[in-house]
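First the proteins, then the strands, lettered A, B, ... as listed; each starts at 1.
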Amino acid sequence: MALPAGAGLVAYNAAISRCARAGLYPRALALFREMRGRGLRADEYTLPPLLNSSALLRAPPAAATLHALLLRAGLASHLHVANALVDAYAKLSRPGAARAVFDEMPRRDVVTWTSLLTGLARAGAHDAAVRVYRGMAAAGVDPDEFAVAGVLSSCAGSTMLELGRSVHAAAVRLGFLPFLSVGNSLVSMYAKTGALRDARTVFDAMRARCTITWTALIVGYAQNGRGRQSLEIYTDMVRSGCRPDYVTFIGLLFACSHAGLVDAGRAHFRSMVTDYGIAPGPDHYACMVDLLGRAGRLEEAMDLLNRSSTELDATVWKALLGGCRVHRNAELAERAAEMVWRLDPADAVPYVMLSNLYSRERRWGDVARIRALMKSRGVTKEPGCSWVGVNGVMHLFHVEDRGHPRAAEIYRKVEEMMERIRAGGYVPDTDWALQDEAPDGRERGLAYHSERLAVAFGLLAVPAAAPIRVFKNLRVCGDCHAAIKMVAKVYGREIILRDANCFHHMKDGACSCGDYW
DNA sequence: ATAGGGTTAG
């Protein structure tokens, strides 16, 4: 089929490797079948590019077959083969399998550790990834620039600013700053942990920048409520001769969306296609729908979707659902929810969104109906939790959580907070009571949502001069948003709340998100 | 002839 009849093992290995490098993964696997058909056995040079190809093709069966084959061939203890296997499982989002291979290895090097680390990070297991980074150091393996870039990404993902700073210091010491990947992940880490000024400082100090660097900064500014500056940075990027890519436009449209810049968003969407030849993907449509939906242009959003040529995914419809919720369009919301249910039946978001919408409309019968539907379909919502870092220690809170050692004090602080903001004119909005509920499905009051507990603890434990940095795994509840904004004003504190959607820099009673989230 | 990295909305 491809190689001459007498081709030997070395010729096949070389050909397979070339294909894998060139991104011709199916061809690499086909060559392997051909090779086996001719009675040649894979060796330690054959397997790594094959494992890599099957992982990048998202072909778990192929990877599993290769795994079985290398076990039979006695190649499992070969370092490069085992590393490739760890990485393949990591790329296939199977961190458990990657870990199992890792644990069995008689010898590990920095590549082994880094493969596991990035695999965990990719699966969103950032805490585990950080533990791997520490384990590597404990095992006497020095991190290299790959490991540093990877762990910084996990610092960002788990909002560990202090750890991120210490990794930054280590990177300086080890001379890794000139590596683009390290600079890029530093920019992103600082931006994602709300330390935008530090992100900018790193960015300015970088000797070379690439599309990823600029994109990280654009997204960072947008996430921190500085959408207009994101657009200025984009202008600088283009002026500097750097070409935006698919991801850059996601960030850019996201920035337009968060800043409410409808015209700019439309223009950039067009420019992406006409100036850069990038076909809009579902991600871009989701951003555009978000942008138009926020502005109340739900019809235009639907129109855009109807004219789209790509296959739309659940995120697009969830974005539409978000717009419907804000602009209280129940009819369209139901259609959007139907689409999400079709594409991603296990997702709790449409239920929560619809339930919020109905409860704001005081349609309690529909609220009950949605809740029953969710229950009958066995869909469960991820429990909400918030955390706040004090002296490098994360304090985690759930709804009505009394597990913290200082719980009594924290609850007293919440009471005090509520009293003071009521005096300042805050009125509780009980329509949001359904946003966060205990796992047993019982409705709860608003007073002890996890974000309030975390803010109360922040008031107690964070030095007065420092901002209180609170993180939440889901979107902040609307009532908590209003309450915490007022807390920031009444207590004269800066509160930086990062939720699943964006940053909320709250100061003097205002929020950087512009009250849309 | 072989293995690992950084940016990505909701």
Side-chain angles (χ1 to χ4, degrees), chain A residues 9-18 20-21 42-52 55 75 78-88 90-91 109-119 121-122 143-153 156 176 179-189 191-192 209-220 222-223 244-258 281-291 293 313-323 340 344 347 349 353 474-475 500-502 517:
Chain A
L9 180 59
V10 172
Y12 271 104
N13 285 349
I16 288 169
S17 168
R18 270 198 309 275
R21 272 175 193 281
D43 68 0
E44 68 270 27
Y45 287 97
T46 327
L47 281 156
L50 288 174
L51 285 163
N52 194 30
L75 293 167
H78 193 280
L79 189 59
H80 280 183
V81 173
N83 283 348
L85 189 58
V86 171
D87 182 60
K91 283 199 170 73
D109 66 1
V110 66
V111 175
T112 326
W113 286 95
T114 310
S115 297
L116 182 62
L117 192 161
T118 55
R122 189 176 287 114
D144 62 7
E145 70 276 18
F146 289 71
V148 163
V151 76
L152 282 170
S153 162
F176 292 161
F179 290 102
L180 261 179
S181 58
V182 172
N184 293 346
S185 48
L186 277 171
V187 170
S188 178
M189 183 276 292
K192 278 194 162 49
R209 304 182 185 106
C210 67
T211 301
I212 293 177
T213 326
W214 288 98
T215 302
L217 199 68
I218 288 169
V219 171
Q223 280 177 327
D245 69 3
Y246 185 97
V247 181
T248 310
F249 279 103
I250 296 172
L252 200 58
L253 295 175
F254 174 63
C256 294
S257 170
H258 277 249
D283 300 331
H284 301 108
Y285 280 105
C287 290
M288 284 305 289
V289 167
D290 192 51
L291 170 77
D313 64 11
T315 66
V316 177
W317 300 106
K318 279 194 269 186
L320 186 63
L321 204 40
V340 181
D344 191 0
D347 197 329
V349 166
M353 290 257 193
L474 308 173
R475 283 178 187 230
N501 187 33
C502 68
W517 69 98

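Secondary-structure stems of DNA chain B, taken as three or more successive Watson-Crick or G-U wobble pairs (i with j, i+1 with j-1) under a 3.5 Å distance threshold, are lacking entirely.
Nearest to the side chain of A:S188, among B:dA3, B:dT7, B:dT2, sits B:dT7. Nearest nucleotide to the A:T215 side chain, out of B:dA1, B:dG4, B:dT7: B:dT7. Of the listed nucleotides (B:dG4, B:dA1, B:dA9), B:dA9 has the atom at the smallest distance from the side chain of A:D283. The side chain of A:V111 has B:dA3 as its nearest neighbour among B:dG6, B:dA3, B:dT7.
At the heavy-atom level, A:V148 lies nowhere under 4.0 Å from the strands shown. Contacts of A:D87 with the nucleic acid, taken as non-hydrogen atoms under 4.0 Å apart, involve only primed sugar atoms and P, OP1 or OP2. Residue-level contact check: A:N52 touches the backbone only, with heavy atoms under 4.0 Å from sugar-phosphate atoms and none from bases. Residue-level contact check: A:R21 touches the backbone only, with heavy atoms under 4.0 Å from sugar-phosphate atoms and none from bases.
When all heavy atoms of A:L51 and A:A88 are compared, the pair lying nearest together is O-CB, 3.8 Å.
Remark: A:K318 is not in phosphate contact with B:dA9, judged by side-chain N or O atoms under 4.0 Å from OP1 or OP2. Here A:S257 does not reach the OP1 or OP2 of B:dA9: none of its side-chain N or O atoms lies under 4.0 Å away.
Look at CG on A:L186: it is 13 Å from P on B:dG6, rounded to the nearest Å. Following rounding to the nearest Å, A:F146 (CZ) and B:dG6 (P) show an atom-to-atom distance of 10 Å.
With hydrogens and angles ignored, no donor-acceptor pair under 3.5 angstrom links the side chain of A:D109 to the base of B:dG4.
For B:dA9, the base is not stacked against the aromatic ring of A:F254, per a cut-off of 5.5 Å between centres and 30° between planes.
In this structure A:Y285 satisfies the ring pair (Phe, Tyr, Trp, His ring centres under 6.0 Å) test together with A:F269, sequence neighbours excluded.
Side-chain atoms of A:S257 do not come within 3.5 Å of backbone N or O of A:L253 as any donor-acceptor pair. Between the side chain of A:N184 and the backbone N or O of A:L180 there is at least one donor-acceptor pair closer than 3.5 Å. In this structure, A:S115 contributes its side chain and A:V111 its backbone to a donor-acceptor pair below 3.5 Å.
Side chains of A:T248 and A:T215: a donor on one and an acceptor on the other come within 3.5 Å.
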task: Given side-chain contact (heavy atoms from CB on, under 4.5 Å), test A:V247 with A:V219 step by step and report yes or no.
output: CA-CA 10 Å; A:V247 181; A:V219 171; 5.9 Å; no

